[in-house]
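Side-chain atoms are counted along with the backbone in the values below, which use heavy atoms only and exclude waters and symmetry mates. In what follows, chains are A, B, ... by sequence order, proteins preceding strands, each numbered from 1.
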Number of protein chains: 2
Amino acid sequence: MWPLSPSHTGLQRMDYQLDTLEHDNLGSTVYQLLCNDLLQGRLQPGARLKIRELAEQLGTSVTPVRDAILRLVQEQALAMQSPRDIRVPHMTVERYLEIRAIRIRLEGLAAETAANKAEPAAIARLEDIVQRNAVAMAAQDIALGCALNQQFHFALVDIAGLPFLHGILYRIWLQMGPLIAAVYQQGGSAMLDYHYPVLQAMRQRDGAAAALAIGDDILSGGQAILLHLQARQRAG
Amino acid sequence: MWPLSPSHTGLQRMDYQLDTLEHDNLGSTVYQLLCNDLLQGRLQPGARLKIRELAEQLGTSVTPVRDAILRLVQEQALAMQSPRDIRVPHMTVERYLEIRAIRIRLEGLAAETAANKAEPAAIARLEDIVQRNAVAMAAQDIALGCALNQQFHFALVDIAGLPFLHGILYRIWLQMGPLIAAVYQQGGSAMLDYHYPVLQAMRQRDGAAAALAIGDDILSGGQAILLHLQARQRAG
DNA sequence: GCAGCAAATATGATGCATCATAATTTGATG
DNA sequence: CATCAAATTATGATGCATCATATTTGCTGC
């Protein structure tokens with residue numbers, strides 16, 4: 001890891017602007033780092049995080065790290081198993097099924113809204129993501145495939161113009177990140193196939209079809225995840 | 001206000017147990033207090049919060065208050081308009097419409113699931129809330145009416161057995177709290193009427209009807225809120 | 001050698017000193 | 001009296017000392 005800021009207490013000014021004028025203090029920066037670690041599978045389920053250790057690695061004091069970890073604990077992307085034991089939580093089958101039902105409703109809303117207002121540029125953007133995903137799959141680049149899969153889903157939300165929904169879904173994905181990475185790093189990944197019907201519905205500006213297609217993606221594409229969870233739960 | 005704990009650094013042990021073994025540090029306690037202030041309209045849109053001031057009122061140091069406020073800023077129940085200016089944000093029409101669409105999907109899921117598994121005890125619980133709400137309305141107790149309205153909606157989620165959804169909806173309601181309180185304190189409140197069809201669908205274990213009914217509640221019952229927002233937006 | 005207790009260590013929680021900077025006040029100047 | 005700049009104040013951000021306690025280690029006595 002690298003120190004966040006060479007100067008004593010200077011803030012790291014980021015080049016991109018967040019939706020809601022997020023004032024980038026150190027805590028938010030650490031939060032973003034940890035989010036990426038979660039989404040890209042660098043933090044695996046069961047992994048323990050220590051505030052002091054992270055602070056040292058990042059070259060900050062404990063305060064910003066504590067801020068970031070508390071945020072992630074709040075939204076249950078991390079869990080405090082005991083008062084001094086902060087870990088990446090394991091997903092349960094029940095929780096996954098609940099999240100799946102929620103995602104079908106919310107991402108269905110996003111897909112429907114996006115399809116109803118799909119402009120050519122938006123379609124092109126989705127096609128680009130899908131095509132790059134196909135390349136990644138052909139090259140067996142699983143990490144890139146996962147990232148592009150995620151990009152596809154969030155592109156729908158952005159095209160729909162629903163920033164509030166984006167936040168909700170981001171927090172949901174934050175909890176699935178370690179799981180998805182764990183599943184796909186050890187096995188098959190057929191997540192791309194189900195994106196083509198979505199694309200087709202978008203081209204036809206058929207909101208209902210798009211919602212159905214994204215629901216099928218979540219159900220069928222996530223089948224491997226469900227099987228993995230059920231196997232793990234049986235094993236103990 | 002009152003000091004959170006008489007002893008020096010003693011934690012306030014709460015009698016109820018939160019869902020996910022939330023370890024009640026001072027920050028979480030302050031967070032709960034601020035949430036209640038938001039949901040019950042004691043913090044109105046535009047109100048400014050100062051960390052030191054709150055810390056003094058609560059009898060703690062700034063750290064737990066900062067933790068709590070940062071949590072609320074993260075989930076956009078508070079907004080940092082400038083780096084030193086933390087306020088209860090004003091709702092916009094666009095944001096409200098987006099939230100409304102999301103609520104219809106999510107609370108529809110809750111109502112549907114709840115109706116499909118509605119046991120007599122669950123029905124009785126809902127009837128009790130509605131009946132107490134009717135009493136409150138007759139007595140023109142608007143604050144109690146709002147609280148019971150909220151209880152009704154969250155009771156559906158609890159009956160459905162969807163704890164994860166509960167968290168998502170709680171954060172959404174946190175953002176609507178100041179708005180709802182502001183609207184209903186200055187005008188009509190016809191929010192109870194639309195609960196009876198929900199109750200009827202629950203009794204018949206008709207999930208689809210329950211989802212439609214709660215959607216109608218959100219749309220029609222929230223009409224006053226939308227009109228209020230549109231009027232305020234025109235005014236400037 | 002092992003049970004059990006004590007010391008040391010680890011770690012999150014809390015309080016607080018200090019910093020940087022934005023807002024406000026004040027006072028000199030014209 | 002108006003204006004503008006310097007000083008003061010206010011306030012969130014950061015770093016860090018200290019606390020409480022859970023965990024680990026290690027020593028003692030049997």
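Rounded to whole Å, atom P of D/dG12 lies 14 Å from atom CG of B/L72. Note: CG (B/L26) to C1' (C/dG12) measures 13 Å, nearest angstrom. Rounding to whole angstrom units, CG of residue A/L49 and C1' of C/dT11 are separated by 13 Å. Atom CG in B/D67 sits about 11 Å away from atom P in D/dA13, given to the nearest Å. Rounding to whole angstrom units, CE of residue A/M80 and C1' of C/dG12 are separated by 7 Å. Between A/I51 atom CD1 and D/dT14 atom C1' there is a gap of 15 Å when expressed in whole angstrom units. Look at CG on B/D85: it is 12 Å from P on D/dA13, rounded to the nearest Å. In this structure, B/K50 places its NZ atom 15 Å from P of D/dA13, rounding to the nearest Å.
Using a distance-only test at 3.5 Å, with no hydrogens or angles considered, no donor-acceptor pair links the side chain of A/T60 to the main chain of A/E56. At least one donor-acceptor pair closer than 3.5 Å links the side chain of A/E98 to the backbone N or O of B/F164. Put simply, the side chain of A/Q74 never gets that close to the backbone of B/L72: no donor and acceptor are under 3.5 Å apart. Listed for the B/R48 side chain is no donor-acceptor partner under 3.5 Å among the backbone atoms of B/R87.
Looking at the side chain of A/R66, the nearest of the listed nucleotides D/dG15, C/dA13, D/dA13 is C/dA13. Side-chain atoms of A/I86 lie closest to C/dG12 of the nucleotides D/dG15, C/dG12, C/dA13. Out of C/dC16, C/dA13, D/dC16, the shortest distance to the side chain of A/T63 is found at D/dC16.
The phosphate of C/dG15 has OP1 or OP2 within less than 4.0 Å of a side-chain N or O from B/S61. Side-chain nitrogen and oxygen atoms of B/R84 include none within less than 4.0 Å of the OP1 or OP2 phosphate oxygen of D/dA10.
Under 3.5 Å, the side chain of B/R52 and the base of D/dG12 form at least one donor-acceptor pair of N or O atoms.
Of the charged side-chain nitrogens involved, at least one lies within less than 4.0 Å of a carboxylate oxygen, so that A/R132 and A/D128 count as a salt-bridged pair.
Closest-nucleotide positions on DNA chain C for A/V62 and A/R48 were compared, and the one nearer the 5' end corresponds to A/R48.
Across all strands, B/I69 comes closer than 4.0 Å to no nucleic acid atom at all (heavy-atom distances).
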